[in-house]
Student: 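Below is the structure I would like to discuss, written out as structure tokens.
Residue numbers start from 1 in every chain, and the chains themselves are labelled A, B, ... in the order their sequence lines are given, proteins ahead of strands.
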There are 4 protein chains.
Amino acid sequence: MSEKRKTIPSLVKDPKLIEKRREQIIEAAVHLFIHKGFHKTTTREIARASGFSIGTLYEYIESKEDVLYLVCDAIHAEMETRLREAINFNGTGLKILKLALKSLIRVMDQMGDRVLLIYQESKSLPKETLRYVLGREEEISQIFVEILHRGIADGSLRIDEKHVKLMADNIMVLGEMWVFRRWALHKHYSLEEYTEKQITLLLREISVSE
Amino acid sequence: MSEKRKTIPSLVKDPKLIEKRREQIIEAAVHLFIHKGFHKTTTREIARASGFSIGTLYEYIESKEDVLYLVCDAIHAEMETRLREAINFNGTGLKILKLALKSLIRVMDQMGDRVLLIYQESKSLPKETLRYVLGREEEISQIFVEILHRGIADGSLRIDEKHVKLMADNIMVLGEMWVFRRWALHKHYSLEEYTEKQITLLLREISVSE
Amino acid sequence: MSEKRKTIPSLVKDPKLIEKRREQIIEAAVHLFIHKGFHKTTTREIARASGFSIGTLYEYIESKEDVLYLVCDAIHAEMETRLREAINFNGTGLKILKLALKSLIRVMDQMGDRVLLIYQESKSLPKETLRYVLGREEEISQIFVEILHRGIADGSLRIDEKHVKLMADNIMVLGEMWVFRRWALHKHYSLEEYTEKQITLLLREISVSE
Amino acid sequence: MSEKRKTIPSLVKDPKLIEKRREQIIEAAVHLFIHKGFHKTTTREIARASGFSIGTLYEYIESKEDVLYLVCDAIHAEMETRLREAINFNGTGLKILKLALKSLIRVMDQMGDRVLLIYQESKSLPKETLRYVLGREEEISQIFVEILHRGIADGSLRIDEKHVKLMADNIMVLGEMWVFRRWALHKHYSLEEYTEKQITLLLREISVSE
DNA sequence: AATGAATGAGAATTCATTCAT
DNA sequence: CATGAATGAATTCTCATTCAT
């Protein structure tokens, strides 16, 4: 279903080293891309900030675009990890959903820069790679599909099976909006208020209690 | 209150001609920026697509960034115009709001590429210019502030005066959502369905009838 | 002997107008060239400072280099005029020489910027034109040849006929040095002191009284 | 006292290599600047004449102006070196001065093109850099200050202590004159004759024997 | 005669990528 | 494996000159 993860060739053999170096690259590039944008960041800067030479950088990637891919992928991975770690899958679907929504918005808040980065720069990825990166987001929204299913099963949520996917997408939108419209929303809401309000609105639609 | 519109100096004196040429530039650049992005579009491409030489391009702008500014400003202007034209300010606030929301989402739908363009590329504007461009959006959300006030005045909408601005922002979010999450939302909704649903949700919150 | 004066073709017929416009051009260009240098001054700037459009500028010259030529020639002309006006050709050669030397240094002092301009920018003239401009200076040193001859004739100066030309050149050097080494000389001499000293040194060599 | 030498940043780390490459750049640029002038010489020409690509050129300089600075500084350095090497500091001040004056004029003669280069092009340097370059000349005239002091100390020269600096400047003028008025002076003097004459004139003023 | 819009060759500079050491 | 010097295509912007009005 989801695109195959892209494998970036490396001139270096040792997989452990490759991973370590690429982590350095990602760490450095994320900050550079956030502050200067992908195009205004040079490979030299990435190399220097990574702690090694330009030659070494190219031992672990094949092109500057590869760095962007690594960065986007790492951001999605972190987002998914953080989300999954924050969610406790015990309890009713309803209870889990509340917690998950809260976590989503909190994670979005914490990772705002990086989420924006993906939205603003991922278009610079090669077509094929872009498709994979976008698909990666899908996987995250799967978390909510799972939760909604759980709620339907245990009777704590009332929602037509065929609308589950749609609802999961809507939930992702709620989270992203906090980032995209940050400057507008922050004028009126605290993180907590926004979360509270969105939970209320959402549950009004799908919780059984209503 | 809002930032003063930036005036780009031109080497050409005839204001009519300046306007005409800049329209050509904008028309050409919008398409190039949408398809290739700002950084991957060259000034020569802009000139050629505008129908004149690189030298002539620079008679009407001072830097490539000026083109981006012209484009962003033109997009906002068109958005506001379209919206204001679509809205009939006769009737109750409630009725106007419904129409306006419908119009907003339709305009967003029609201008999706251009709205995304602003979100993805406006960060490349000089700080000062960026501020103006962002402020421009504020002006658009003012349309909804006006409508909400109208509804409060005529009793067709029930909403605390101090939440008006917030609500207007939320409405803008609904419109942008349709653009940002297009690929996800389109899988489940038609434009009409999405509009219908958002109107319902919104009015549930603020219409008096509830 | 001296190169023929270069005639710059003009698209305009009326000679009076040509002269008037070219005076405007020279007046404007001299200041621009002094402050910005020939290469950093644009034809547009010259036109604007001259009080007319770029198109009109090119009605009276054929190339930017023509402006440089006009400027150099005008400077030499002014120098010669000023010098000839300052010198009273009555009295002994010795007396005239003293006055002439004083005048030379004063004129050099007053026209320092313009003298430097010729030295720094005339190399940008086309070869042929450059030769004429340099020859123009020769004409000025002829003034001193005349004076020296007068002094020899009336017995107030003692100098071998065959060294006259050399001595005239030396005199020109004295004047130019006040300009070229301005920053060094001004630290130690006033204009008057420098003049006094050079006159003394010179006359020690050639005045009969010694 | 004198301005600090400007340090041009380089992207290359190896100092030995930087020095070597910059020597190549200077060697190439001096000839180009002499023949075509600074403005009419392109960076590509400099790179090609230096024996490497335009990219490599910019690994060793930051701007075209840097090349001009390197060239001016190298010329002054060579002038000072040649002069100091030619002067034997044994003997009376008077004897040293004669030798030094002869050397000065000879060095000026040999380096005429380059001396003119500095006079014609140094105005294109950034203000700050220009100040340093001009100050560099001061250092050279210091050589003569030293010699004059020596002569005063050993009694071979008679000159008021407070006129020493002035006299040193005058000596520099004698040397530069040979360059600036080359075309005029060469018609009448050989290098030797000019030197002889200037030495005679100078010593008439300051040698004790008179 | 005057204007000024249009032109495009050319200039300086940047930067992703390579490859010899 | 790591390094960093070398490369040159590509890019933005300038400006002398032309020519239709």
Student: What's the closest nucleotide to the side chain of Tyr58(D) if the choices are dC1(F), dA6(F), dT13(E)?
Tutor: dT13(E)

Student: Please state how far atom CD1 in Ile46(C) lies from atom P in dT3(E), giving the value in whole angstrom units.
Tutor: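 Computing the Ile46(C):CD1 to dT3(E):P distance gives 16 Å.
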
Student: Quick check for you: among dA16(F), dT14(E), dG8(E), whose closest atom lies nearest to any side-chain atom of Ser53(B)?
Tutor: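 Looking only at side-chain atoms, Ser53(B) lies closest to dG8(E).
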
Student: When you measure from the side chain of Ser63(A), which nucleotide among dT17(E), dT12(F), dA5(E) comes out closest?
Tutor: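 Shortest atom-to-atom distance from the side chain points to dT17(E).
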
Student: Report yes if at least one side-chain N or O of Thr56(A) is closer than 4.0 Å to OP1 or OP2 of dT3(F); otherwise report no.
Tutor: yes

Student: Flag the pair Glu23(D) and Lys20(D) as a salt bridge only when some basic side-chain nitrogen lies within less than 4.0 angstrom of an acidic carboxylate oxygen.
Tutor: no

Student: Out of dT3(F), dA6(F), dT14(E), which nucleotide sits closest to the side chain of Ile54(D)?
Tutor: dT14(E)

Student: Is the number of heavy atoms from other residues, nucleotides or ligands within 6.0 Å of NE2 (His31(D)) greater than 12?
Tutor: no

Student: On the nucleotide dT11(F), are OP1 or OP2 found under 4.0 Å from the side-chain N or O atoms that Thr42(B) carries?
Tutor: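 So the side-chain polar atoms of Thr42(B) never come under 4.0 Å of the phosphate oxygens OP1 or OP2 of dT11(F).
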
Student: Once you round it to whole Å, what is the distance between C1' of dT17(F) and CD1 of Ile8(C)?
Tutor: 16 Å

Student: Does the structure show a Watson-Crick or G-U wobble partner for dA16(F), both distances under 3.5 Å? Name it, or say none.
Tutor: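 Paired with dT7(E).
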
Student: Please tell me which of Lys13(B) and Glu59(A) maps to the more 5' nucleotide of DNA chain E, matching each residue to the nucleotide holding its nearest heavy atom.
Tutor: Lys13(B)

Student: So which nucleotide does dT21(E) pair with, by the Watson-Crick or G-U wobble rule with both distances under 3.5 Å?
Tutor: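 Check on dT21(E): paired to dA2(F), both distances under 3.5 Å.
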
Student: Round to a whole Å and report the spacing from CZ of Phe38(B) to C1' of dT11(F).
Tutor: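 Distance check: Phe38(B) CZ to dT11(F) C1' gives 12 Å.
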
Student: Would you mind classifying the nucleic acid contact of Ser10(D) as base, sugar-phosphate or nothing, using non-hydrogen atoms under 4.0 angstrom?
Tutor: nothing

Student: So Arg48(A), base contact, sugar-phosphate only, or nothing? Heavy-atom distance under 4.0 Å.
Tutor: nothing

Student: Less than 4.0 Å between a side-chain N and a carboxylate O, is that true for Lys64(A) and Glu121(A)?
Tutor: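 Answer for the salt bridge query: no.
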
Student: So, are Asp73(D) and Lys6(D) salt-bridged, with charged N and O less than 4.0 Å apart?
Tutor: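 Here Asp73(D) does not pair with Lys6(D) in a salt bridge, since their nearest N and O are not under 4.0 Å apart.
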
Student: Return the 5'-most residue of the pair Gly51(D), Lys64(C) with respect to DNA chain F, ranking by each residue's nearest nucleotide.
Tutor: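 The residue whose closest nucleotide sits nearer the 5' end is Gly51(D).
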
Student: Roughly how many Å is it from CG in Leu57(D) to P in dT14(E), rounded to a whole number?
Tutor: 11 Å

Student: In whole angstroms, how far is the P atom of dA12(E) from the NE2 atom of His39(D)?
Tutor: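 Nearest whole value for this atom pair: 10 Å.
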
Student: Where the side chain of Thr43(C) is concerned, which of dT17(F), dT3(E), dA5(E) is the nearest nucleotide?
Tutor: dT17(F)

Student: To the nearest Å, how far apart are Leu11(D) CG and dT7(F) P?
Tutor: 14 Å

Student: Tell me if the side-chain of Arg44(D) makes a donor-acceptor pair with the base of dT13(E), cut-off 3.5 Å, by modelled atom types.
Tutor: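 Between dT13(E) and Arg44(D), which were checked side chain against base, a qualifying N/O pair under 3.5 Å is present.
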
Student: Grab the two heavy atoms, one from Leu130(C) and one from Leu125(C), that are nearest each other, plus how far apart they are.
Tutor: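 Between these two residues, the closest heavy atoms are N-CB, 4.0 Å.
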
Student: Rounded to the nearest Å, what distance is computed from the NZ atom of residue Lys16(B) to the P atom of nucleotide dA5(E)?
Tutor: 15 Å

Student: Atom OH of Tyr60(D) to atom C1' of dT7(F): distance rounded to whole Å?
Tutor: 12 Å

Student: For Glu19(D), is there an ion pair with Lys16(D) - N to carboxylate O distance below 4.0 angstrom?
Tutor: no

Student: Map Glu62(A) and Leu17(B) onto DNA chain E by nearest heavy atom, then report which one ends up closer to the 5' terminus.
Tutor: Leu17(B)

